Each structure stands twice: as C-alpha cells, then as structure tokens.
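This report refers to the structure that appears directly beneath it.
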Amino acid sequence: MNKKLLLSLVIALTTISFYAQDPNILWQKTIGGSDEDFMIPAISTNDNGLILGGFSKSDISGEKTENSRGGFDYWIIKLDESGNIEWDKTLGGNQDDFLHTIVQTIDDGYILSGHSKSGISGEKTENSRGDFDYWIIKLDSSGNIEWQKTIGGNGPEVYCSIIQTTDGGFLLGGYSQSNISGEKTENSRGGDDCWILKLNSSGNIEWQKTIGGSGREYLFSMLQTNDNGYILGSTSSSNISGEKTENSRGQTDFWVIKLDNLGNIMWQKTIGGDDTDFLKDIIQTSDGSYMLAGWSYSNISGEKTEDSKGLEDYWILKLNEVGEIMWQKTIGGNLGEQLNRISQISDGGFLLCGWSSSNISGDKSENSNGREDYWIIKIDQNGNLEWQNTIGGDLDDIAGTVFYDNNANNYIAGYSKSNISGDKTENSRGEHDFWIIKHAPTLGLEENPFTETITLYPNPTKNTLKLNTQDKTIDQINIYTMTGSKVLQLDVDTVSPNVDVSTLASGVYYFQLYSGKNVALKKFVKE
C-alpha cells in the first residue's frame, strides 16, 4: 500500500484531517527515452517556462525526438509554464558529452557548459585536445546554435559549469589534470585542480587561473559576488601546497576561495572534519554572507560541530563576508543523504535538495519509498528546520536542482528510475529519466493552520510547558535554541501534555512539532 492510500485510509477512520504544510505537488513530468537519461541542470526562463538539461544515450523514443550522436549527448528540453514540451535538442559528437549547466543569457538565449570527449562529428566542430575538454555552446532563444567552444589541455577537463558575468561575458570553471597544452597556460599542481577561465561575450578567453594543491580539487560551484569578484566552492584533498594554505582535515574538505575580478586570491578557507566532506553548492545571501551546501561523513572534528546521523548527511554552513563560520547544521537520517543544491527564497530562508535513503530517524520524518528519494528541506534564516518532504518511487530518485519561479512556485528536478509507485505517477521510459515536480508556494509558519491548532502555556515558563494540540496526533517534538542547535527530542512514545524544560538555560527557544507531514514551529521563553 503506498503512502497516499494509507494516509487516505487513516483520515477516513479517524475523521481527523491535517493541513499539509509541505508544498503540494501541482504537477510532475517524467521525460525520457528508452535508454539512460540523466537530468542535471534545470532553470526557470523569462517567459515563465522552464528549460531542463542533462545527458542522454537514448535514440528516438519516449519524449526524445532525435537519435544519439554516439554515447551520451547533451539533451535540453524547453517546457511552457504548464510543463508541456515546446522543443528539445540533442547536441553531441561521436563519443560522450556530459552537460552540467544551463544559464539563460541577457539576450534571452542560453549558454550550455559541460565536458566532451568527441572529435569533429555531430554538432561538435572542434577536435578533442586530449581527453575530455570543456565544451560550451551558445544558443538562441529557440535552441539554435550561435557559437561553440572546445577548451582544454592534453589531460581530462571535467564538470564544466558557467555563469554570465555583469559585463556580458562568462566565467567558466571545473577541474583539470592537464599541464600546459591546448588552451591551458599553467601546469597541474598535482592531480585535479580548479581551472577557471574568464571569457568575453563571444567566448574568447580573457584570462585563466589554475588553482590547486598536490592532491585533488573538484570545483562544482562558483558565482560572481557583490563586489564583482568571484567565489569558488570546491572540494579538496590537498595539504599545504600550490595555492592551498591549510592542511586537509581528513579525507576531503570543503575548500572556499574568494577571488577579485581578475581571478587573484583574496582569501581561502579549508572547512572539514576527519572523514569525507564534499562541497556541492555555494550561494551569496541577501545579507552578503555565503551559504555552503554539501554532504559529510565526519563526526565532531575539525570545523564539524555535530556527529554524523548515520552515514553521510546534509551539511550546510553560513559564512560571513570574510569566510568565518557563523553557524552550521548537520541534517540526516540513519543511512545516507547527499545534498546537491541550496536556494534562498523570499522569506530569507533556504530550500535544500538532494537525496536520502533513510527511514524515519535522526532528522528524517518519513520513511524511504524505495532506495534513494528526493529529499527537500526548508530551513529558516538561522538554519531551523521548518518542513521537509520525502518524494520518490520504489527505485532510484536523485534530486539535483531546486529553484523557484517569479510566482514563488517551487520546482525539484532530477532523475528517476522508478515506475508508478510512491509519489511517482508515470512509468519509466526505459532506464533513468528526467523527473521534474512543481509545488505550490509554501505557506509561512504564521499562516499555517496546523500551527494555529497548537498552544503552549505558560509562556514564559520556568519548568514545564503544557501542550494543547486539540486532539491532533503528535509524532515528535524537538526543541532548538535560537541559533538552531537541537537541545531536546521527544518521540511519540514519550510525549505527554507536559514537557519538562527545567534543565534548559534561560533564553528563547523554538518548539517544533511533527504530525505526519505537518510541522508547527512555536517560540517560547524559558525564565
């Protein structure tokens, strides 16, 4: 029995209905062909539509309208605001081509970036420089190629991402093993290094930087900052060497590098624990600080202030403008979670998305639907968990992107192998397919009807909080400090109408209650 049918049965038997604070699924789309299709980037477009991208091995089948050029190809799909396909494009050569980033440009066209091993063939107009190279393609608003560039050295260049800069040009970045060769003007520092290039609006190189140590560096995220410089979010295994000024904390660490507008290093931070920590995304927040998002196996050690909840967990940190840690959160269940993206929304809080294989445990409030599921989390501006949602079918569902449109609708995009099961309403087209979900705008906590049914008294209190839930079933209670540290967790078997808070220090706290997918967050004062 799937969870939606079970929920309907429970409601019918108990005559109690709850308002679901989690965003409701407005629509979902499974898009793919008969072979492997992996969605990586997805963005909202200026016409209120969407554009999805990734790489595909499928020939004409399912929603795919063009055959593979050879191996994996770039595959992009333009949707209207209702999720209907307007057009799709297959772009590739005779070997593997992996798309990682799509950006809508200031002329309403698109720039695509990824890495390619193809020679001249298909849509590819330049030979490989040695192995995989950066491959960027400029499209017009209808998906027609305007220009393209192959950029690389005699070794592999991988995971190329791109941003458009305020001068109309582009910053290109990924990681490279090449020495001086092809377009590469500096030797490798050891293994893989961060390699960034500033391009003009036509794709010509203005400057480039190789940044790394004697180990391996993997650059996954970068952005232009408010001072017209840049910040790089990478993962590093290097000790002090090359450009690296701090030793590794364990296996791999978050490595954050702040650059000026010419690519010179202004400051850098190595942040990690004694195991593997992998940084996947970095954003600048509305207050000028930075949010780091990734995943960690580490227990308390190095900069890590909380133990692992099981295996790897979501790990997020807020840094100030000079890279000092303001707060951090470890969020996970008893198995594995990997966080891929973070977005700030209009209320100042953040949406997190990735995948989880955990059942109810730790911070996870719902069981897995199969293997890995999309796991989306909303936190407030201090890192307090406001709601979460586990979305998936009976097989692998990996969320890679979370974003929202001009109407504050939320989208979760990734890839899925599941047939109809759990939350999935369409069968797989073959192997993995693109899977995108649109959610309704989320209500603020103050507007949430479930929150309004919860009463805490007396407030302020010295020793005991009395809890009135108006006969609602409560599964779990958490109490957090104002900075988001969990100081108390009570599961359903131990929750009573009276909650002992006598051991807490004086101050203001958040009182969080779960009832199924509903969550309430209340403040109280401990005298």
Side-chain angles (χ1 to χ4, degrees), residues 31-41 52-77 88-103 110-139 143-162 170 172-184 188 191-193 195 197 199 203 205 216 218-220 398 400 415 417 429-434:
I31 301 173
S34 58
D35 209 311
E36 294 281 14
D37 312 293
F38 296 95
M39 178 160 37
I40 304 299
L52 318 179
F55 38 91
S56 171
K57 243 178 154 175
S58 296
D59 287 322
I60 297 172
S61 53
E63 287 71 33
K64 191 129 189 309
T65 63
E66 295 180 271
N67 283 330
S68 167
R69 310 305 195 229
F72 283 101
D73 304 300
Y74 290 12
W75 188 31
I76 59 169
I77 302 129
D88 74 303
K89 299 284 181 178
T90 297
L91 305 168
N94 56 5
Q95 296 200 49
D96 286 327
D97 314 291
F98 298 99
L99 174 63
H100 292 290
T101 307
I102 299 175
V103 172
Y110 305 96
I111 191 93
L112 316 180
S113 68
H115 61 275
S116 169
K117 203 170 186 179
S118 296
I120 298 173
S121 53
E123 286 69 35
K124 191 114 185 325
T125 60
E126 294 181 272
N127 281 324
S128 165
R129 307 303 193 235
D131 197 289
F132 282 104
D133 305 299
Y134 294 174
W135 189 31
I136 59 172
I137 306 173
K138 175 65 174 67
L139 306 179
N144 302 303
I145 297 175
E146 295 184 334
W147 53 260
Q148 60 175 284
K149 298 285 181 178
T150 297
I151 299 174
N154 57 7
E157 281 75 46
V158 180
Y159 205 94
C160 175
S161 60
I162 197 166
F170 304 96
L172 193 64
Y175 45 98
S176 170
Q177 289 185 22
S178 295
N179 288 318
I180 297 171
S181 53
E183 286 72 32
K184 192 130 189 306
S188 166
D192 293 285
D193 304 301
W195 188 34
L197 301 100
L199 311 181
I205 298 171
R216 294 186 180 275
Y218 307 103
L219 176 59
F220 289 108
I398 308 295
Y415 52 90
K417 199 172 183 178
R429 307 305 192 235
E431 296 293 331
H432 291 90
D433 304 299
F434 291 13

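The structure presented is a predicted model; accordingly, all values stated were derived computationally and were not measured.
For Y74 (side chain) and G114 (main-chain N/O), a donor-acceptor pair under 3.5 Å exists by modelled atom type. Looking at S34, its side chain never comes within 3.5 Å of a backbone N or O of G430 through a donor-acceptor pair.
For the atom pair D433 CG and D35 CG, the distance stands at 10.5 Å (nearest 0.5 Å). Taken from OH in Y134 to OG in S161, the straight-line distance is 8.0 Å, to the nearest 0.5 Å. Atom CG in N144 sits 12.5 Å away from atom CD1 in I137 (nearest 0.5 Å). Rounding to the nearest 0.5 Å places CD1 of I60 at 11.0 Å from OG of S68. How far CH2 of W135 is from CD1 of I151: 13.0 Å, rounded to the nearest 0.5 Å. For the atom pair CG of D37 and OG of S61, the computed distance is 7.5 Å after rounding to the nearest 0.5 Å.
Side chains of Q95 and S118: a donor-acceptor N/O pair is absent below 3.5 angstrom, by distance only.
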*Go through the steps for H115 and E157 under the test side chain to side chain contact (heavy atoms under 4.5 Å, CB included), then give the verdict.*
CA-CA 7 Å; H115 61 275; E157 281 75 46; 5.9 Å; no
*Steps toward side chain to side chain contact (heavy atoms under 4.5 Å, CB included) verdict (D97, L91)*: CA-CA 8 Å; D97 314 291; L91 305 168; over 6 Å; no
*Are H432 and M39 close enough, and set up right, to give a side chain to side chain contact (heavy atoms under 4.5 Å, CB included), and what steps lead you there?*
CA-CA 9 Å; H432 291 90; M39 178 160 37; over 6 Å; no
_Walk me through whether Y159 and L219 qualify under side chain to side chain contact (heavy atoms under 4.5 Å, CB included)._
CA-CA 8 Å; Y159 205 94; L219 176 59; over 6 Å; no
*Would you please test T150 and D133 for side chain to side chain donor-acceptor pair (under 3.5 Å) and show each step?*
CA-CA 6 Å; T150 297; D133 305 299; 5.9 Å; no
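Scanning both residues, D73 and G92, for their nearest heavy atoms gives OD1-CA, 3.5 Å. Contact between I31 and L52 at its shortest, heavy atoms only, is CD1-CD1, 3.9 Å. Here the shortest heavy-atom pairing between L139 and G143 reads CD2-O, 3.7 Å. Between G155 and S178, the closest heavy-atom pair is N-OG, 2.7 Å.
Aromatic pair F98/F72: ring centres closer than 6.0 Å.
No side-chain heavy atom of D192 sits under 4.5 Å from any side-chain heavy atom of V158. Inter-residue side-chain proximity for K138 and K149 is flagged as unmet; no heavy-atom pair is nearer than 4.5 Å.
Using the six-membered ring where Trp is involved, F55 and F38 have ring planes that are tilted, between 30° and 60° apart.
Note on residues 110-128: pairs passing salt bridge (charged side-chain N to carboxylate O under 4.0 Å, His left out), not counting sequence neighbours, are R69-E123, E126-R129.
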